[in-house]
K.L.:
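I have a structure here, written as structure tokens, and I will follow up with some questions on it.
This chain uses plain numbering: 1 for the first residue, then up along the sequence. Any value given below was found using the heavy atoms of this structure, including those in side chains, with hydrogens, waters and symmetry copies removed. First listed ligand is number 1; within each ligand, the first listed atom is number 1.
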Amino acid sequence: MKHVKPTGTFAAEAVLTHMKAAGIDVLFANGGTDFPSIIEAFARQSETGLKMPEPLVIPHEGVAVGMAHGYYLMTGKPAGVIVHVNVGLANSVMGLINARSENVPIMMFSGRTPITEAGRFGSRSSPIHWGQEMFDQAGMVREVVKWDYELRYPEQAGLVIDRAMSIAMSEPRGPVYLSLPREALAEGAEIETGQRSTATPTTYGPADPALVAEAADLLARAKNPLVICQSPELAPDFEPLASFIDRFALPTVEMWATRLALPSDHPMMIGRDSTQVLKEADVVLVINAAVPWISDHTAPAEGAKIIAIGPDPQHGRVPIRSFPIDIALAGGTNKTIEALAAAMAERVPAGETFSERREKWAKVKAAQAEAAAKRAGIGNGSPMTPAYVSRCICDIMDEKTTVVNELGIDPSVMEFKHPKSFFSTPLSGGLGFGMTAALGAQLADRGRQVIATVGDGSYMFANPVACHQTATALKLPLLTIVFNNGIWNAVRRSTLYMYPDGSAATANIMPITALDPAPDYAAVAGAHGAHAERVETGADLPAALERALAATKGGRQAMLEVMVSY
Ligand SMILES: Cc1ncc(C[n+]2csc(CCOP(=O)(O)OP(=O)(O)O)c2C)c(N)n1
Ligand SMILES: [Mg+2]
């Protein structure tokens, strides 16, 4: 059979131009032997003049997906990721699990092994094309993506890309997946100039006004209200939440927050753990929190009323979840808060300032600040405490600093006063998130200083060589701080929690927790041209941080390995 190579433009070019038209500016790309047509399309772009996303070479799929996650957190825009067929997609799955957990839209693409064994342009040409074929490649990601499809005909390119974009960006947002068979990508396709996207994501308005009124009745009369936030809607400032919470003096806990709801110096931001305060509350407003408290540790008071806000207040993607809800306010989070604020204003007299409540929480906040200062102040020996290191990092932050944390810092001793100054691991907890998302965030805004704060275990999960290579290649002045405690401490803690008096608790070395021997982390980063130092003693840390920042200001990535206790 003859292989007929089409003349003129081809489907890969149609896919890429439609991506760009739909608003995808960046394509994190890991090489696939199954999408030569994508590579050819980029290579002849100067000839064709077609508008396409910028392709960035990322040497590991997990890094590529993590970067797309961080890029979205900074910009509110989805990025594209393209990887190799089944094995490449397999390496992407964990990142997609993290993205779905945080409702982060990502346009995920992979090749698909050639369908035909012979006879077509693009037919199988290597043993891997048999070895990598799957019965249901998309099945590997279907549990975590909102939508998946396989491109079949070149003329579908526009509608498929626009449908993917519509679904990824519809609330609640999330990743979508499209597989691209090698023959389909190579088929001839006509490309119109001046393409326009027809993507129309669904957005939600405020929740049902009758339910908003009921919620306002409860909250306006509450003696001990409590707000619990976890993954609030991304906003360029802290509004409308900050004003709403301030006007009605609603004490707010950011329980296991993955994003900031309030600046930490907001008078009503009263901590990061709901366990104690929940028991006293009579009305609890849960805002975008899949896990507002731990049911085995605490419970709402008898008769307390629970109001839940968000695009899906039931968090239907979690199979078992039985937090009580008296009023479910399903809708756009911030629009519903605006509606609730307006309904509250009708019920609360203008002169009501809730002065008693404010005084009570001001005292609690002052006591917390004192305790945090004490905790952070005593750990500056060798090894340092995570609290001390956290405070030193806090001291070098300004309004253009972003911390992306994964089992490093203790946020309770830090202040995050500015929007986008703090992001943390999704509840899915797929390790490797910290450094990879930080790279994406740094790429999205080169004017900021992004700091990845990661455990020694987390650092290794991130494919650090691929991360440092990416930072060098893309000239990303990321500062990575590795908290070296020589252990998977979270695993140790979890064992102690269940078996406080067990054999593991008294073992010299607890099984399956030690990271021994530790590599020379600073040398790993140094091998990539990073400014890299190991810091053994607390007294040396502030100056080391300054040196690291001087290096990043010069455009170089930096890494500090800090020796910490556990
Ligand atoms: C991909 C993945 N593998 C394994 C785990 C299980 N796990 C959770 S925390 C943890 C240890 C993390 O160690 P480190 O980053 O050093 O932080 P530390 O616990 O020492 O503070 C592990 C292995 C996970 N969450 N994700
Ligand atoms: Mg560790």
Side-chain angles (χ1 to χ4, degrees), residues 60-67 69-70 89-102 140-141 143-144 256 258 272 290-291 294 318 375-376 379 382-390 393 403-414 423-438 451-464 466-467 480-498 504-505 509-522 524-525 534-536 559-566:
H60 191 282
E61 297 86 350
V63 181
V65 181
M67 286 183 76
H69 191 139
L89 188 61
N91 276 346
S92 313
V93 175
M94 194 209 69
L96 293 175
I97 292 172
N98 282 340
R100 189 64 198 264
S101 171
E102 268 293 275
M140 203 164 30
V141 294
E143 168 99 12
V144 288
W256 269 67
T258 53
R272 301 190 177 277
V291 186
I294 304 290
V318 181
R375 214 164 56 251
S382 180
M384 295 161 253
T385 60
Y388 170 76
V389 178
S390 304
I393 295 170
V403 169
V404 182
N405 181 50
E406 181 175 42
L407 290 168
I409 54 163
D410 173 353
S412 69
V413 302
M414 298 176 74
F423 295 104
S424 193
T425 314
L427 298 192
S428 50
L431 291 179
F433 166 83
M435 204 177 167
T436 58
I451 306 179
T453 56
V454 298
D456 44 358
S458 305
Y459 175 71
M460 281 195 261
F461 275 104
N463 286 294
C467 287
T480 303
I481 301 181
V482 177
F483 286 61
N484 183 359
N485 56 9
I487 190 171
W488 289 331
N489 193 31
V491 178
R492 174 185 158 272
R493 273 202 319 260
S494 168
T495 309
L496 293 179
Y497 171 77
M498 283 185 68
I509 297 172
M510 189 185 280
I512 323 183
T513 57
L515 290 173
D516 190 36
D520 183 344
Y521 292 102
V524 175
R534 172 186 292 166
V535 187
E536 308 263 359
M559 144 72 85
L560 295 181
E561 174 194 354
V562 291
M563 308 308 286
V564 293
S565 53
Y566 60 86

K.L.:
Looking at Thr385 and Ser565, would you say the former's side chain and the latter's main chain have a donor-acceptor pair under 3.5 Å?
P.N.:
no
K.L.:
Check each heavy atom of Phe461 against ligand 1 and say whether those closer than 4.0 Å belong to the side chain, the backbone, both or neither.
P.N.:
side chain
K.L.:
Starting from atom 25 (N) of ligand 1, locate the nearest protein heavy atom and write down its residue, its atom name and how far away it is, to 0.1 Å.
P.N.:
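The closest heavy atom on the protein side is Gly429 O, 2.8 Å.
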K.L.:
Counting only N and O atoms by type, is there a donor-acceptor contact under 3.5 Å from the side chain of Asn98 to the main-chain atoms of Gly430?
P.N.:
yes
K.L.:
Run the numbers for me: atoms of ligand 1, each under 4.0 Å from some heavy atom of Val491, listed by number.
P.N.:
10 (C), 22 (C), 23 (C)
K.L.:
Please confirm whether the backbone N or O of Gly432 pairs with a side-chain atom of Thr436, one donor and one acceptor, at under 3.5 Å?
P.N.:
yes
K.L.:
Should Gly430 be counted as touching ligand 1, given the test is an N or O pair under 3.5 Å?
P.N.:
no
K.L.:
Please name the pair of heavy atoms, one in Ser92 and one in Glu61, separated by the smallest distance, quoted to 0.1 Å.
P.N.:
OG-CB, 3.6 Å
K.L.:
What atoms in ligand 1 come closer than 4.0 Å to a heavy atom of Ile487?
P.N.:
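Near Ile487, meaning under 4.0 Å from one of its heavy atoms, ligand 1 has 16 (O), 20 (O).
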K.L.:
What atoms in ligand 1 come closer than 4.0 Å to a heavy atom of Gly457?
P.N.:
13 (O), 14 (P), 15 (O), 16 (O)
K.L.:
Within the 4.0 Å heavy-atom shell around Met94, which atoms of ligand 1 are there?
P.N.:
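In order of numbering, the contacting atoms are 1 (C).
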K.L.:
Run Val524 and Met559 through side chain to side chain contact (heavy atoms under 4.5 Å, CB included) and show every step you take.
P.N.:
CA-CA 10 Å; Val524 175; Met559 144 72 85; 5.7 Å; no
K.L.:
Between the side chain of Thr453 and the main-chain N/O of Gly408, is any donor-acceptor distance below 3.5 Å?
P.N.:
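No, Thr453 side chain to Gly408 backbone: no donor-acceptor pair under 3.5 Å.
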K.L.:
Looking only at protein heavy atoms, identify the closest one to atom 18 (P) of ligand 1 and say how far it is in Å.
P.N.:
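The protein heavy atom lying closest is Asn489 N, 3.5 Å.
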K.L.:
Nearest to atom 7 (N) of ligand 1, what protein heavy atom do you find, and at what distance?
P.N.:
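Closest protein heavy atom to atom 7 (N) of ligand 1: Leu431 CD1, 3.7 Å.
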K.L.:
What protein heavy atom lies closest to atom 16 (O) of ligand 1? Include the residue and the distance to one decimal.
P.N.:
Asp456 OD1, 2.5 Å
K.L.:
Which option wins on minimum heavy-atom distance to atom 12 (C) of ligand 1: Leu407, Asn485, Val454, Asn98?
P.N.:
Leu407
K.L.:
When you measure from the Mg ion (ligand 2) to the N, O or S atoms of Asn489, does any of those distances fall below 2.8 Å?
P.N.:
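Short answer: no, not a single N, O or S atom is under the cut-off.
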K.L.:
Considering only heavy atoms, which of Ser458, Pro386, Gly62 lies nearest to atom 15 (O) of ligand 1?
P.N.:
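It is Ser458 whose heavy atom sits nearest to atom 15 (O) of ligand 1.
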K.L.:
Kindly confirm or rule out an N or O of Trp488 lying under 3.5 angstrom from an N or O of ligand 1.
P.N.:
no
K.L.:
Quick check: closest heavy atoms across Ala290 and Leu427, and the distance to 0.1 Å?
P.N.:
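Nearest heavy atoms, Ala290 then Leu427: CB-CD1, 4.2 Å.
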K.L.:
Please name the pair of heavy atoms, one in Ser101 and one in Pro426, separated by the smallest distance, quoted to 0.1 Å.
P.N.:
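Here Ser101 and Pro426 meet closest at OG-CB, 3.8 Å.
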K.L.:
Among all the protein's non-hydrogen atoms, which is closest to atom 9 (S) of ligand 1, and how far away is it?
P.N.:
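Answer for atom 9 (S) of ligand 1: Ala490 CB, 3.5 Å.
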K.L.:
Would you confirm whether Asp456, through its side chain, and Gly486, through its main-chain N or O, come within 3.5 Å as a donor-acceptor pair?
P.N.:
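Yes.
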K.L.:
Please round to the nearest 0.5 Å and tell me the distance separating atom SG of Cys467 and atom NE2 of His60.
P.N.:
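Answer rounded to 0.5 Å: 9.5 Å.
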K.L.:
Rounded to the nearest 10°, what angle sits at the Mg ion (ligand 2) between O of Ile487 and OD1 of Asp456?
P.N.:
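So the angle at the metal works out to 110°.
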